[in-house]
Amino acid sequence: MTYLAVPISGRNIKEATEQIGKACALGAEMLELRTDFIENLTVDCFEQLLVLARNTSLPVIVTCRDKAEGGCGEYPLDFRIDILCRAIAAGADFVDCEFVNFQDDSVENRLLEALEDSQTRLILSAHNFDQPFGDLAALYENIIDVCPQAIPKLVYKANHINDCFAAFDLLKNKTGDAIVLCMSAAGMISRVLAKKFGSLVTFASLSDEASTAPGQVGIEQMKSLYRWDHIDAETRIYGVIGNPVGHSLSPAIFNACFDKQKLNALYLPILLEGQKLQFNEFMSNLLKNNYDFGGFSVTIPHKAHALDYAEVEGDHLESLAADIGAVNTLKVGFGGQVSGYNTDYAGALNALLSTLGITKHQLHSVSTAVLGAGGVGRAIVAGLTDIGAHVTIYNRTVAKAKSLAEEFSCKYASLEEATNMDAKIVNNCTSIGMPPNVDNSPLPKECINCNMAVFDTVYNPLETLILKYAKETCAKTINGAEMFIRQAMAQYKIFTGNEPDEEVMRTTVFGALKR
Ligand code: NAP
């Protein structure tokens, strides 16, 4: 059992009462009374708060955190232990004391005496707000040695996603109850996966403002986006690997489809900072133990790293992905076999052909412009040259346009020269148009005419400036969401073997983009 606990961090009884009500309404499974947040805390005031919390019938943790371990108020140690002893006497389910303070004999004696003949369980916690603990397993053992009845709670900052694996390993190997979580954006996945790997508790905030630790996920997000109620030890894990990934729509669409098809699966944003070295470390970490990772969507800046990995270490690389020179999909088989694919190619071509209502053959010999020479540019150039379109690549860095053009036997020029183009179909594969470049267009309006079709691979915002220009000139338009949905559908099939529910994907994507 993993409890989804909400920290109650009101500054006074009124605020705390409101937070308790809200936490219950949002489906909290446990409350943590962070009494150190209460201003001018007294034992009477604490007892009032505990009665309110216990009236909810949810299990309650009482914490009066030391400032040195992330606490809010400056309450002295003796007073903080008074609060915990009163909590034990009043029958709180759990009390949380810092392990470092518990090693003070008087603290240990007071707490152990109070706990005699009590049902309350003691959590002994350790925090590192800067980095992972030097030896996490040894710290866990140390806590158990000092107090065998305690529940060790170990919380540290993950400076990189690769730091999370130590937490997963400890949870998999622990012998009794333990709480192990990573802080920071890179550690966010540990807060959700706590349930899969068996942490006794994970913490979710009521809102961003009420968050009591870095990387805490909101309870609404935990329940609706990250499928909290469906996660168990067997849940298969998928995700999007990239940097940044915070605004990706992929978790919403994949999790909505898993819901619809009642699959025991979860899709997470996986912030992977660094380059090839860190990417390879991540892959070797996830394969060294059976964590149940099933596959990944791969985005900027890791598509080339994923290609190299699949080529050198993987078991299969789709020949199309090798030709394009980018992998945007990695599947991890149940035996740990890794296969690389590219679904951008099919996603982009299908979006183009179906929105224009034409067949591949009708693109033969048609003059097309590809703006951009990155991962998506490569996929679209590969697709268009494959069906015999005449392609010119325009890119800010001309050397990249040249090398791509040489690979696929097409023409190239600088992005500025795109203003002189004579193309029937224009494909924007640069990131111009997405935040923070939303007021920019890779082409001025004068270069667009009503005989053209303009395809923007950028999907957020749905209507970019170049698409506005195209509409105003009565040119045909294809938005990036059409490609996004199609490439995600192909990924879903690779991951699960099932056809995804297209309607669910469309509703989720367009709903999110319109918001
Ligand atoms: P990438 O490999 O990083 O390539 C980025 C491209 O944009 C490069 O050609 C780069 O030119 C150009 N660029 C970036 N900033 C620019 C600027 N300020 N001025 C001029 N050119 C600029 O990225 P990618 O994976 O190909 O993704 C490109 C775009 O495709 C993204 O915006 C993304 O939204 C979109 N995308 C859409 C989907 C979909 O399903 N619809 C899927 C993936 C990506 P240089 O070579 O000169 O740096």
Side-chain angles (χ1 to χ4, degrees), residues 240-250 253-254 275 296-307 321 324-329 341-352 354-355 369-383 392-405 412-419 426-444 454-467 477-492 505-506 508-510 512-513:
V240 51
I241 303 178
N243 181 20
V245 284
H247 295 96
S248 170
L249 291 182
S250 296
I253 61 173
F254 279 90
Q275 295 296 325
F296 305 100
S297 312
V298 183
T299 184
I300 297 172
H302 296 302
K303 287 182 188 176
H305 308 146
L307 172 82
I324 296 168
V327 157
N328 79 331
T329 311
Y341 304 85
N342 189 302
T343 65
D344 283 336
Y345 170 101
L349 270 193
N350 289 343
L352 199 58
S354 64
T355 318
V370 175
L371 315 180
V376 168
R378 292 184 72 84
I380 293 191
V381 169
T392 306
I393 303 162
Y394 300 91
N395 196 43
R396 176 177 65 178
T397 309
V398 182
K400 274 167 77 180
K402 180 171 186 271
S403 113
L404 187 58
Y412 72 93
S414 70
L415 192 56
E416 290 84 52
E417 288 172 86
T419 49
V426 177
N427 305 277
N428 176 37
C429 306
T430 73
S431 31
I432 302 174
M434 68 186 283
N437 296 323
V438 284
D439 295 327
N440 296 340
S441 162
L443 272 187
V454 178
F455 173 25
D456 197 344
T457 63
V458 173
Y459 61 87
N460 193 4
L462 203 46
E463 189 173 81
T464 54
L465 190 56
I466 192 174
L467 290 186
T477 59
I478 304 122
N479 64 50
E482 291 298 336
M483 170 183 167
F484 180 69
I485 290 164
R486 286 171 171 82
Q487 63 79 30
M489 286 174 66
Q491 288 182 330
Y492 191 89
M505 282 207 174
R506 286 192 166 274
T508 313
V509 169
F510 288 110
L513 290 174

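Numbering of ligands and ligand atoms starts at 1, following listing order.
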Item to complete: Indicate yes or no: does K303 engage D344 in a salt bridge with an N to O separation below 4.0 Å.
Response: yes

Response to the item:
When distances are taken from atom 11 (O) of ligand 1, the protein heavy atom at minimum range is N395 OD1, 3.3 Å

Response to the item:
The reported gap from OG1 in T397 to NZ in K402 (rounded to nearest 0.5 angstrom) is 14.0 Å

Practice prompt. To the nearest 0.5 angstrom, please state how far the CG atom of N437 sits from the CG atom of L465.
Written response: 11.0 Å

Fill in: Check: S297/Q491 side-chain N/O donor and acceptor closer than 3.5 Å
yes

Worksheet, complete the sentence: In this structure, CG of D456 is separated from CD1 of I478 (nearest 0.5 Å) by 10.0 Å

Worksheet item: With backbone taken as N, CA, C and O and side chain as the heavy atoms from C-beta onward, which portion of P442 lies under 4.0 Å from ligand 1: side chain, backbone, both, or neither?
Response: neither

Item to complete: Return yes when K303 approaches ligand 1 closer than 4.0 angstrom through a heavy atom, no otherwise.
Response: yes

Discussion item. Does only the side chain of K400 get under 4.0 Å from ligand 1, or the backbone, or both, or neither? Count heavy atoms.
Written reply: side chain

Worksheet entry | Heavy-atom side-chain proximity of L415 to L371 below 4.5 angstrom | yes

Practice prompt. State, to 0.1 Å, how close P461 and V438 come at their nearest heavy-atom pair, and which atoms those are.
Written response: CD-CG1, 3.8 Å

Worksheet entry | N395 side chain to V398 backbone, donor-acceptor under 3.5 Å | no

Item to complete: Identify the protein heavy atom lying closest to atom 48 (O) of ligand 1, giving its residue, its atom name and the separation to 0.1 Å.
Response: R396 NH2, 2.9 Å

Practice prompt. Would you check, one step at a time, whether the test side chain to side chain contact (heavy atoms under 4.5 Å, CB included) holds for F254 with Y492?
Written response: CA-CA 7 Å; F254 279 90; Y492 191 89; 3.7 Å; yes

Practice prompt. Using modelled atom types only, decide if a donor and an acceptor are shared between the side chain of E417 and the backbone of S414 within a distance under 3.5 Å.
Written response: yes

Worksheet item: N/O to N/O below 3.5 Å, does that happen between A481 and ligand 1?
Response: no

Response to the item:
heavy-atom search around atom 47 (O) of ligand 1 in the protein gives T397 OG1, 2.5 Å

Worksheet item: Tell me: protein heavy atom nearest atom 2 (O) of ligand 1, and distance?
Response: G375 N, 2.9 Å

Worksheet item: Does any N/O atom on Y459 come nearer than 3.5 Å to any N/O atom on ligand 1?
Response: no

Discussion item. For the backbone of A369 and the side chain of N427, can you confirm whether one donor and one acceptor N or O come within less than 3.5 Å of each other?
Written reply: yes

Worksheet item: Does the N350 side chain pair with the main chain of A346, one donor and one acceptor, at a distance under 3.5 Å?
Response: yes

Worksheet item: Counting heavy atoms only, which of D456, I432, T457, T464 comes nearest to atom 20 (C) of ligand 1?
Response: I432

Discussion item. Heavy atom to atom 39 (C) of ligand 1, shortest distance: which of H302, R378, M483, R486 holds it?
Written reply: M483

Practice prompt. Nearest heavy atom to atom 27 (O) of ligand 1 wins, so pick from V376, I485, T299, N437.
Written response: V376

Fill in: Residues S354 and R486: side-chain donor-acceptor under 3.5 angstrom
yes

Worksheet item: Nearest protein heavy-atom contact for atom 7 (O) of ligand 1: which residue, which atom, what distance?
Response: T430 CA, 3.2 Å

Item to complete: Identify the protein heavy atom lying closest to atom 28 (C) of ligand 1, giving its residue, its atom name and the separation to 0.1 Å.
Response: C429 O, 3.4 Å

Discussion item. Within ligand 1, which atoms have a heavy atom of L415 less than 4.0 Å away?
Written reply: 20 (C)

Worksheet item: Nearest protein heavy atom to atom 3 (O) of ligand 1, by residue and atom, and its distance?
Response: I300 CD1, 3.9 Å

Practice prompt. For S250, check side chain to side chain donor-acceptor pair (under 3.5 Å) against everything at least two apart and list the hits.
Written response: S248

Worksheet item: So which heavy atom in the protein is nearest atom 40 (O) of ligand 1, and how far is it from that ligand atom?
Response: F484 CA, 3.1 Å

Response to the item:
Nearest heavy atom to atom 13 (N) of ligand 1, choosing from P435, S414, S431, belongs to S431

Fill in: Close approach, G347 and ligand 1, non-hydrogen under 4.0 angstrom
no

Worksheet item: Which option, A348, G374, A351, G372, owns the non-hydrogen atom nearest atom 1 (P) of ligand 1?
Response: G374

Item to complete: Show which atoms of ligand 1 fall inside a sub-4.0 Å distance from at least one heavy-atom site of M434.
Response: 31 (C), 32 (O), 34 (O)

Practice prompt. Find all atoms of ligand 1 within a distance of less than 4.0 Å from any non-hydrogen atom belonging to V458, and give their numbers and elements.
Written response: 32 (O), 34 (O)

Worksheet item: Just distances here: any N/O of D344 and N/O of ligand 1 closer than 3.5 Å?
Response: no

Fill in: Contact atoms of ligand 1, heavy-atom distance to Q487 under 4.0 Å
40 (O)

